[in-house]
Amino acid sequence: MYPADFAYYRASSVQDAGRLLSEHPGAKLLAGGHSLIPLLKLRLAVPPALIDVGRIADLSGISVASDRLRIGALTPHAEVAASSEVATHAAALADAAGQIGDPAVRNRGTVGGNIAHADPASDLPAVLCALDASIGIVGAGGDRTVSAGEFFLGMMTTALGEDEIVTHVEIHSGQEHGSAYAKFPHPASRFAVIGVAAVVTADGDTCRSAAVALGGLLPAPVRASHVEQAIGGQPLNEASITEAAARAGDDLGDEILGDVFASADYRQAMAPVYVARALTAAAARAR
Amino acid sequence: MKVPIDITINGRSYQRDVEPRQLLVHFIRDLGGLTGTKVGCDTSQCGSCTVLLDGVAVKSCTCLAVQADGASMTTIEGLADQGTLHPLQEAFWEKHGLQCGFCTPGMILASHELLRHNPDPSDADIRHGLEGNLCRCTGYQNIVRAVRHAADALAEK
């Protein structure tokens, strides 16, 4: 399968990429290409030009400074999955990054490309929502930061403007919490049929607070506020986690996705199972 | 629009002017004449197009050739050292880790990636590490044995 013809420009810096974006209306940014190239090959996307940001060195890498874990947009999933900093401060993100696609896909796919693409069956959006991550953006109008909850607007739709570039994600690293990601992967594509991220803070065996985000089920990830309220203040045991997870249906609304592999009814029925698994794993790490 | 690129494959430089839309796998096969790398599913699921790009396993059906400009690649044709099979190639032969052979180049290079990270994998590690490579003949049993055999051979070296 060949993509339709397009012009190709290689950006030497974020500023250069911004300039190229403004000069070439309709152009798409190319990083690892593992979301964009499949769309080009299927001709679901036919942009007039690609701007390759894949060689901008300062967009890649993981660092921790002043209570913030920072992950550059070009950091490949394999590096996130293997990072001790990510495992320490955002274990759910390491879980999720290590379950994207397969090893070769994780070598090429990038964090920034993944979230800018915003596939509803992607793993990272739900994790970033549960971790209350912020997304760093540079554009013609200046730099800005958007919370993950406000970044993912719908199916393959984000708050990113036409002339804007994701530069990094940041996660608060100073909190004592446990986090985990539980996934039901599609057996062929390995995209998330259901992906649940949970972040738990605990006082001993009691849940002080929890953040739970649901992915794969809906056009964009949502926080499971009914589940979060139900588990808050409760003991972190099987009975209370199961009871809280059962509230997931109240958080799903009426836009549940379904396909030939997994119907909307099936996904709705399975959601509490994965919510309970994510909460249980996060609780074990929070203690 | 054509873009001049220079990709080193198996130690040899290939300088060509390519359309930006050219996929890396087609550059390797059609311009490089190296047909060991296969086009299977063409959707980055089956792994038959797996090559090493600057030493790292990637699926060449989901890379543009222009993205690999300046890179050094290894395909299955470059794995043997001056006619001596790589221990992985030897092991796939020895343990009958193939039947039709279509998936084998990608399977061997994905196994190379697996052993780079984990030189002493369990059978479960091997199955998990090769999850991006599909074989429709062997049922995987002999592939797992071959990778295990290669790990032992490499450890003895």
Side-chain angles (χ1 to χ4, degrees), chain A residues 1-11 24 27-56 74 76-79 81-82 98-110 113 185-191, chain B residues 1-5 17-26 30 39 41-71 106-107 109-118 125-134:
Chain A
M1 294 183 288
Y2 277 100
D5 198 19
F6 52 78
Y8 173 82
Y9 305 97
R10 191 174 290 160
H24 300 282
K28 298 290 285 182
L29 295 175
L30 173 69
H34 272 49
S35 297
L36 180 59
I37 293 172
L39 288 187
L40 297 175
K41 289 166 73 174
L42 293 168
R43 304 203 180 192
L44 293 170
V46 190
L50 294 193
I51 297 162
D52 187 350
V53 296
R55 294 167 194 245
I56 303 175
L74 275 184
H77 304 310
E79 189 176 334
Q99 294 181 61
I100 294 171
D102 58 61
V105 167
R106 295 194 286 273
N107 284 338
R108 281 302 278 178
T110 67
H186 187 284
S189 72
R190 299 178 189 81
F191 273 104
Chain B
M1 182 183 199
K2 286 211 170 187
V3 180
I5 62 172
D17 292 342
V18 301
E19 287 186 65
R21 64 176 176 156
Q22 181 166 56
L23 301 171
L24 182 58
V25 68
H26 293 304
D30 299 347
V39 181
C41 71
D42 210 7
T43 55
S44 69
Q45 295 182 43
C46 82
S48 67
C49 66
T50 305
V51 297
L52 304 182
L53 183 64
D54 289 328
V56 171
V58 304
K59 294 185 165 179
S60 60
C61 78
T62 308
C63 294
L64 301 173
V66 287
Q67 290 179 287
D69 182 21
M107 199 65 82
L109 292 170
S111 302
H112 188 281
E113 174 83 358
L114 165 66
L115 295 179
R116 185 168 70 87
H117 291 289
N118 183 358
D125 293 338
I126 294 167
R127 288 177 189 279
H128 189 63
L130 297 180
E131 66 179 338
N133 292 72
L134 303 182

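Values below: all heavy atoms of this structure, side chains included; hydrogens, waters and symmetry mates excluded. Letters A, B, ... mirror the listed sequences (proteins, then strands); counts begin at 1.
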Heavy-atom pairs under 4.5 Å with chain A, option from B:S44, B:C41, B:G47, B:C61 with the top count
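Of the options given, most contacts go to B:C61.
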For chain A, which candidate among B:E19, B:H117, B:Q22, B:M1 shows the most heavy-atom pairs at distances under 4.5 Å?
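Most heavy-atom pairs under 4.5 Å with chain A: B:M1.
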Which residue pairs satisfy the salt bridge (Lys or Arg N to Asp or Glu O under 4.0 Å) criterion with at least one member in residues 32-54 of chain A, sequence neighbours excluded?
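Residue pairs with at least one partner in residues 32-54 of chain A: A:K41-B:D42.
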Region of [X] that comes under 4.5 Å of a non-hydrogen atom in chain A:
{"X": "B:L53", "answer": "side chain"}
{"X": "B:C46", "answer": "neither"}
{"X": "B:V3", "answer": "side chain"}

In terms of heavy-atom proximity below 4.5 Å to chain B, should A:A188 be classed as side chain, backbone, both, or neither?
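It is both, since atoms from each part get that close.
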Heavy-atom cut-off 4.5 Å, strictly under: side chain, backbone, both or neither for A:A31 against chain B?
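For A:A31, backbone heavy atoms alone lie under 4.5 Å from chain B.
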Donor-acceptor under 3.5 Å ([X] side chain, [Y] main chain):
{"X": "A:H186", "Y": "A:S189", "value": "yes"}
{"X": "B:R21", "Y": "A:P3", "value": "yes"}
{"X": "A:R190", "Y": "B:E131", "value": "yes"}

Nearest-0.5 Å distance, CZ of residue A:R108 to CD1 of residue A:I37:
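It is 7.5 Å, given to the nearest 0.5 Å.
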For chain B, which of A:L30, A:L40, A:L42, A:L36 has the most heavy-atom pairs under 4.5 Å?
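Looking at each of A:L30, A:L40, A:L42, A:L36 in turn, A:L30 comes out on top.
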Applying side-chain hydrogen bond (donor to acceptor under 3.5 Å, both in side chains), which residue pairs with at least one partner in residues 56-69 of chain B are found, sequence neighbours left out?
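Sorted result for residues 56-69 of chain B: A:R10-B:D69, A:D102-B:K59.
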